[in-house]
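Have a look at the structure below before the remarks.
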Amino acid sequence: MINNSYIAKKIKLTAKLMELHGENDFKVKAYQKTVESIKILDVELSQVPLAELLKIEGIGKSTAEKIVSIVERGSFDKLDELLEKTPEGVIEMLGLSGFGPKKIALLWKEGGAESLDELLVLCRQGKVATIKGFAEKTQETLIKAIEFKISTRGMFRYANIEPAFKSILEQVQMSLPNARVSETGALRRRVDIISYLDLLVGNDDFDEVRRVISEMDSLAETEMQSGPFTWVGYHKETKAKVKIKLCKLQEFDKILLKTTGSIRHLNANLSNGTTLKQALLSMNGNSEAEIYESQGLQYIEPEMREGTFEIQLAEKKELPKLVEMSDLKGILHNHSTYSDGKHTLRQMAEHCKVLGYEYLGISDHSQTAVYANGLYEYTVKEQQEEIRKLNIELAPFRVFSGIESDILADGSLDYPDEVLAGFDFIVASVHSGLNMDINKATNRLLTAIRNPHTTILGHMTGRLLLEREGYPVDHQEVINACAENNVVIEINASPYRLDMDWRWVNYALEKGVVLSINPDAHSMEGYKDMYYGLLTGRKGGLTKEMTLNSKSVSEISDFFQSRKEKILS
DNA sequence: ATCGCAAACGATCTTAAAGGGAACTTTAA
């Protein structure tokens, strides 16, 4: 099925390529505008007849025909021509963060680079600095951008690869009902970035497993790397590398435990003088829980098996009970059509209610985020009036009025105090001026945290996984400040962000900082991301008690109220 | 390429930071 996001992607690529090839700027802008209007469109373009397409803002005769072509055959002539005259490596170059089509065109046409690797050589030879429009500093930035891009090759965000591995496992299980199958390794630990699909199949007849795998259309083998106990290949659609380990049924639990834990987890010294890895040598047939128990440990959830703090707690029988989806009572930090969301406030609220949540916290963009249609003071008032009415209509369901306030360059929030005071809660986030050194960035955050209006610190580092590193932050100092100022830290659940990083969750909890699992949803479907934020929290040992949005509607209402009273006093 | 105003065409405009190169272009939120 050709969906809107596929269509938008193709048109966006066309715009980039047109810019790369120096076509008319206004044409390029028209395409970009089309992409933006598709993003917030609430109908599937593939279901819209040609005549109706023309009525959509930003779509004229020419684009409408192209959309029809994409729906019919996945592409259109203009795009095919552009792709034809652009080397694949140059298209990869277009993905470099901080470098747009104009710069890439120079690097390609003037510098002669046709791939990331060639470009890197060119940089190291100092030749990029001699191209007009470039100099030493840009060359350095470019090297960093290339190295980052290269380091992400073959890697996937967990959420993006989840459907692939689940479908592989399902297929194997269907063909071999008596086999046991599971994902393992980093995949089973739900690490945010995945470099290969690590799977385990327990079945006494290995040949049978090999035959089943070889008959799967979705997979292709890399025979050179396969061995007697491991099938190595890749998933054709995503190009993700796949490793399938084979083991006897009897050994499945042991091998699952052995392959799930990180090296540090398996090699951690236990107080009985051994390690999990050593202990496993003499075991077979026991469940994972029994194996942990036999070493005097509590059962450790797969997400936590990183070898950081979980072993010590498991020995003391002090492992926390991790937060679960059913503990989450409301959804905070969401956008609507008031700013850059796809669905109306009403749709967002009603859908949230249908999903069984008790409340919705709406937090559209603030005025400085012009590109995202941030709310002016008078639009804030309008929205708050609509919220007031919705709360009467949808009761006992509750909509809380919030804002995702930009943290400005000096750390201040984006409205005067009296406007800020009118919200139930405020998510403070950085969206612009991301090139800061660690001191500047940390101080900017600290100022925002000390602002009594700040309820939640949004996506702490501004990173986009596999795309952008984000600004450097002294996590410890920022977390300490949140603890002192009773500010909640967001776990932004968007699979692109998962920010704050799971590696800091435990430290925040130790300091007594409450965390909030927020999807940053820009549409009703965006609520699904809650799950990925949950996994991030669980990796760091997050409990129901320390999760802001596991509070009931009355508890969270009291919490917001008490924070506001603090401002007055 | 699209839109709107008006008759075949003209206008299209977010903004600020950064860098390179001395006034401007590019990029990204």
Side-chain angles (χ1 to χ4, degrees), chain A residues 10-12 14-39 53-67 69 76-79 82 93-108 110 128-145 335 339-340 364-376 404-410 414 428-437 440-441 444 458-459 461-464 467-471 492 494 496-497 499 520 522:
Chain A
K10 293 289 168 187
I11 298 178
K12 193 174 176 181
T14 307
K16 268 198 161 184
L17 291 173
M18 285 166 67
E19 218 177 342
L20 180 77
H21 289 280
E23 292 197 31
N24 181 300
D25 264 355
F26 291 116
K27 277 193 189 181
V28 173
K29 284 212 181 87
Y31 275 98
Q32 287 167 343
K33 197 177 159 194
T34 306
V35 172
E36 291 312 311
S37 68
I38 291 176
K39 268 191 193 162
L53 281 177
L54 293 167
K55 292 183 186 161
I56 298 168
E57 173 79 24
I59 297 179
K61 188 163 171 289
S62 163
T63 313
E65 282 166 4
K66 291 179 172 83
I67 290 173
S69 174
F76 52 96
D77 295 348
K78 168 103 189 170
L79 175 57
L82 285 165
M93 280 157 59
L94 283 171
L96 287 169
S97 154
F99 295 84
K102 299 256 165 66
K103 291 273 188 212
I104 299 301
L106 285 169
L107 292 167
W108 173 27
E110 305 287 321
V128 165
T130 65
I131 301 172
K132 186 169 165 58
F134 291 81
E136 288 292 334
K137 213 162 183 176
T138 309
Q139 187 171 262
E140 284 308 304
T141 317
L142 184 55
I143 289 176
K144 286 205 187 84
H335 299 263
S339 64
D340 60 347
D364 275 304
H365 286 285
S366 62
Q367 54 190 2
T368 295
V370 182
Y371 61 91
N373 196 26
L375 273 60
Y376 299 108
E404 183 179 19
S405 171
D406 266 32
I407 299 176
L408 306 179
D410 64 355
D414 204 9
S429 317
V430 170
H431 288 109
S432 57
L434 305 183
N435 288 320
M436 296 169 281
D437 61 47
K440 211 175 155 196
R444 186 177 177 185
H459 46 70
T461 72
R463 74 179 183 185
L464 292 179
E467 285 182 9
R468 177 174 89 196
E469 287 193 277
Y471 42 86
N492 190 297
S494 160
Y496 284 82
R497 294 192 183 269
D499 184 11
D520 201 351
H522 284 70

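Reminder, nothing fancy here: chain letters follow the sequence lines and each chain counts from 1.
- Applying the salt bridge (charged side-chain N to carboxylate O under 4.0 Å, His left out) rule to A:R444 yields no partners; only residues at least two apart in sequence or on another chain are considered.
- Not a single side-chain hydrogen bond (donor to acceptor under 3.5 Å, both in side chains) links A:S69 to another residue, sequence neighbours left out.
- In terms of the side-chain hydrogen bond (donor to acceptor under 3.5 Å, both in side chains) criterion, residue partners of A:D364 (sequence neighbours excluded) are, by chain and number, A:S336, A:S339, A:Q383.
- For the pair A:K78 NZ and B:dA1 C1', the computed distance is 10 Å after rounding to whole Å.
- Every residue was checked against the ring pair (Phe, Tyr, Trp, His ring centres under 6.0 Å) condition with A:Y371, not counting sequence neighbours, and none meets it.
- Scanning for side-chain contact (heavy atoms from CB on, under 4.5 Å) contacts around A:K137 gives an empty result, with sequence neighbours left out.
- To the nearest whole angstrom, the two C1' atoms, one in B:dG10 and one in B:dT14, are 22 Å apart.
- With B:dA18, B:dT14, B:dA1 as the candidates, the nucleotide lying closest to the side chain of A:V370 is B:dT14.
- Taking atom CG on A:L53 and atom P on B:dT2, their separation rounds to 11 Å, with Å as the unit.
- Distance check: A:L53 CG to A:T63 OG1 gives 10.0 Å after rounding to the nearest 0.5 Å.
- What separates CE of A:M18 from P of B:dA1 is a distance of 6 Å, to the nearest Å.
- Here A:D406 lies out of heavy-atom contact (under 4.0 Å) with every strand.
- If you measure from atom CD of A:E65 to atom P of B:dA1, you get 10 Å, rounded to the nearest angstrom.
- For the 3.5 Å distance criterion, the side chains of A:K66 and A:Y31 qualify, holding a donor opposite an acceptor.
- By the side-chain hydrogen bond (donor to acceptor under 3.5 Å, both in side chains) test, A:D77 is found to be paired with A:R73, residues two or more places apart in sequence or in another chain being considered.
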Each nucleotide N or O in nucleotides 3-9 of chain B that has a protein N or O under 3.5 Å away: list the pair and distance.
residue	atom	partner	partner atom	Å
B:dC3	OP1	A:G58	N	2.8

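- Nucleotides B:dA8 and B:dC13 have their C1' atoms positioned 24 Å apart, rounded to a whole Å.
- When all heavy atoms of A:A369 and A:D406 are compared, the closest pair comes out as CB-OD1, 4.1 Å.
- Heavy atoms of A:G133 sit under 4.0 angstrom from primed sugar atoms or phosphate atoms, though from no base atom.
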Seminar exercise, completed: With B for base contact, S for sugar-phosphate-only contact and - for none (protein heavy atoms under 4.0 Å), nucleotides 24-29 of chain B reads --SSSB

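- One interatomic measurement links the two molecules: CG of A:D414 to P of B:dT14, which rounds to 18 Å at whole-angstrom precision.
- Across B:dA1 and B:dC5, the matching P atoms stand 22 Å from one another, rounded to whole Å.
- Comparing the P positions of B:dG21 and B:dT27 gives an interatomic distance of 15 Å, to the nearest angstrom.
- For the P atoms, the distance linking B:dT12 with B:dA6 amounts to 15 Å, nearest Å.
- Distance, A:E136 CD to B:dG21 C1': 15 Å, rounded to whole Å.
- Mapped onto DNA chain B by nearest heavy atom, A:A409 and A:K137 fall at different nucleotides, with A:A409 at the one closer to the 5' end.
- Taking atom CD1 of A:I131 as the reference point, atom C1' of B:dG19 lies 15 Å away to the nearest angstrom.
- Within the 4.0 Å cut-off from OP1 or OP2 of B:dT12, not a single side-chain nitrogen or oxygen of A:K29 is found.
- The nearest whole Å value for the distance from the CD atom in A:Q367 to the C1' atom in B:dT14 is 14 Å.
- Of the two residues contacting DNA chain B, namely A:A135 and A:F26, the nearest-nucleotide position lying further toward the 5' end is that of A:F26.
- Remark: A:N435 engages no residue in a side-chain contact (heavy atoms from CB on, under 4.5 Å) (not counting sequence neighbours).
- A gap of 15 Å separates the C1' atoms of B:dC3 and B:dA7, to the nearest Å.
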